[in-house]
Chemist: 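Please see the structure below; I have some questions.
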Amino acid sequence: MAKHKKQFAIIGLGRFGSSVAKFLSEMGYEVLAIDDNAERVQDLVNVVTHAVSADSTDEEAMRALGIRNFDVVVVAIGENIQASILTTLILKDLGVGKIIVKAQNELHGKVLNKIGADKVVFPERDMGLRVAHHLISPNIMEH
Ligand code: ATP
């Protein structure tokens, strides 16, 4: 039997979410991209499998999209911490198997862990650390 290819949904199409969505699509995965801003959705229409405009804090809308059938859902809503938390709760209630959430700060991250996010990521913090590591890495040439 052919191996099931993972299906992904990305909620929030800012710089982080859209780059996750684009990369997964380029790698040949099925991607559903969701944002409540129609312009953001429009930018990805020709890139991902499905791009829809919806409010992820609307449980019925998420149910109607069949969100629980996706193997992994990435919540990439940054600034609106309330929307990020509510969305994560709804996804959890709907039975999504794996939920990955971008956190804005440590406290936001703590709440996300408590309500059952499977993985919490801090892109700005982690990229800052990587750049700093790189700067003091012994094997980079002095420019
Ligand atoms: P980035 O740093 O990745 O650019 P950000 O941290 O600035 O993102 P925002 O711009 O606040 O994050 O949010 C990312 C996207 O999430 C935006 O395009 C916004 O429209 C979308 N978004 C926010 N709330 C909701 C919601 N309730 N439902 C769907 N999309 C939402």
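Positions are given from 1, in the same order as the sequence printed here. Numbering of ligands and ligand atoms starts at 1, following listing order.
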Chemist: Here's a test for you: under side-chain contact (heavy atoms from CB on, under 4.5 Å), which of Ile99, Ile100, Leu112 qualifies with Val120?
Modeler: Leu112
Chemist: Return the residue, atom name and 0.1 Å-rounded distance of the protein heavy atom closest to atom 17 (C) of ligand 1.
Modeler: Arg40 NH1, 3.2 Å
Chemist: Under 3.5 Å, side chain of Thr49 to main-chain N/O of Val31, donor-acceptor pair present?
Modeler: yes
Chemist: Taking only heavy atoms of Ala54, which atoms of ligand 1 are found under 4.0 Å from at least one of them?
Modeler: 28 (N), 29 (C)
Chemist: Hey, which atoms in ligand 1 end up nearer than 4.0 Å to a heavy atom of Ala76?
Modeler: 14 (C)
Chemist: Counting non-hydrogen protein atoms only, what is the nearest one to atom 12 (O) of ligand 1? Give residue, atom name and distance.
Modeler: Gly78 N, 3.3 Å
Chemist: Give the residue and atom name of whichever protein heavy atom lies nearest to atom 3 (O) of ligand 1, and the separation in Å to one decimal.
Modeler: Phe16 N, 2.7 Å
Chemist: State, with a plain yes or no, whether a side-chain heavy atom of Ile67 is found less than 4.5 Å away from one of Ile34.
Modeler: yes
Chemist: Does an N or O from Gln104, backbone or side chain, lie closer than 3.5 Å to an N or O of ligand 1?
Modeler: no
Chemist: Picking from Leu32, Leu91, Val101, Leu65, what satisfies side-chain contact (heavy atoms from CB on, under 4.5 Å) with Ile11?
Modeler: Leu91
Chemist: May I ask you to test the Asp36-Thr57 pair for a side-chain heavy-atom distance under 4.5 Å?
Modeler: no
Chemist: Can you confirm whether more than 12 heavy atoms, excluding those of Lys110, are under 6.0 Å from its NZ atom?
Modeler: no
Chemist: Give the residue and atom name of whichever protein heavy atom lies nearest to atom 25 (C) of ligand 1, and the separation in Å to one decimal.
Modeler: Asp36 OD2, 3.5 Å
Chemist: Would you say Val73 and Phe8 are hydrophobically clustered, going by side-chain heavy atoms of ILVMFWY under 4.5 Å?
Modeler: no
Chemist: Answer yes or no: is there a donor N or O on one side and an acceptor on the other, between the side chain of Thr88 and the main chain of Ser84, under 3.5 Å?
Modeler: yes
Chemist: At under 4.0 Å between heavy atoms, which part of Glu79 makes contact with ligand 1: side chain, backbone, both or neither?
Modeler: both
Chemist: Tell me, which protein residue and heavy-atom name are nearest atom 19 (C) of ligand 1, and how many Å apart are they?
Modeler: Asp35 OD1, 3.5 Å
Chemist: Looking only at protein heavy atoms, which one is nearest to atom 8 (O) of ligand 1, and what is the separation?
Modeler: Lys102 NZ, 3.8 Å
Chemist: Specify the protein heavy atom at minimum distance from atom 23 (C) of ligand 1: its residue, its atom name, and the distance to 0.1 Å.
Modeler: Ile77 CG2, 3.6 Å
Chemist: Any non-hydrogen side-chain atom of Leu94 less than 4.5 Å from a side-chain atom of Glu59?
Modeler: yes
Chemist: Distance under 4.0 Å to a non-hydrogen atom of Asp55: what atoms of ligand 1 satisfy this?
Modeler: 26 (C), 27 (N), 28 (N)
Chemist: Measure the distances from the heavy atoms of Ser18 to every atom of ligand 1 and state whether one is below 4.0 angstrom.
Modeler: no
Chemist: Among protein heavy atoms, which lies nearest atom 2 (O) of ligand 1, and at what distance?
Modeler: Arg15 NH2, 2.9 Å
Chemist: Ile34 near ligand 1, heavy-atom distance under 4.0 Å?
Modeler: no
Chemist: Would you say Ile85 and His108 make side-chain contact, with heavy atoms under 4.5 Å?
Modeler: yes
Chemist: Would you indicate whether the side-chain heavy atoms of Arg40 and Ser18 approach each other to under 4.5 Å?
Modeler: no
Chemist: So between Gly12, Ala83, Ala61, whose heavy atom ends up nearest atom 16 (O) of ligand 1?
Modeler: Gly12
Chemist: For Asn37, counting its heavy atoms only, list the atoms of ligand 1 lying under 4.0 Å from any of them.
Modeler: 20 (O)
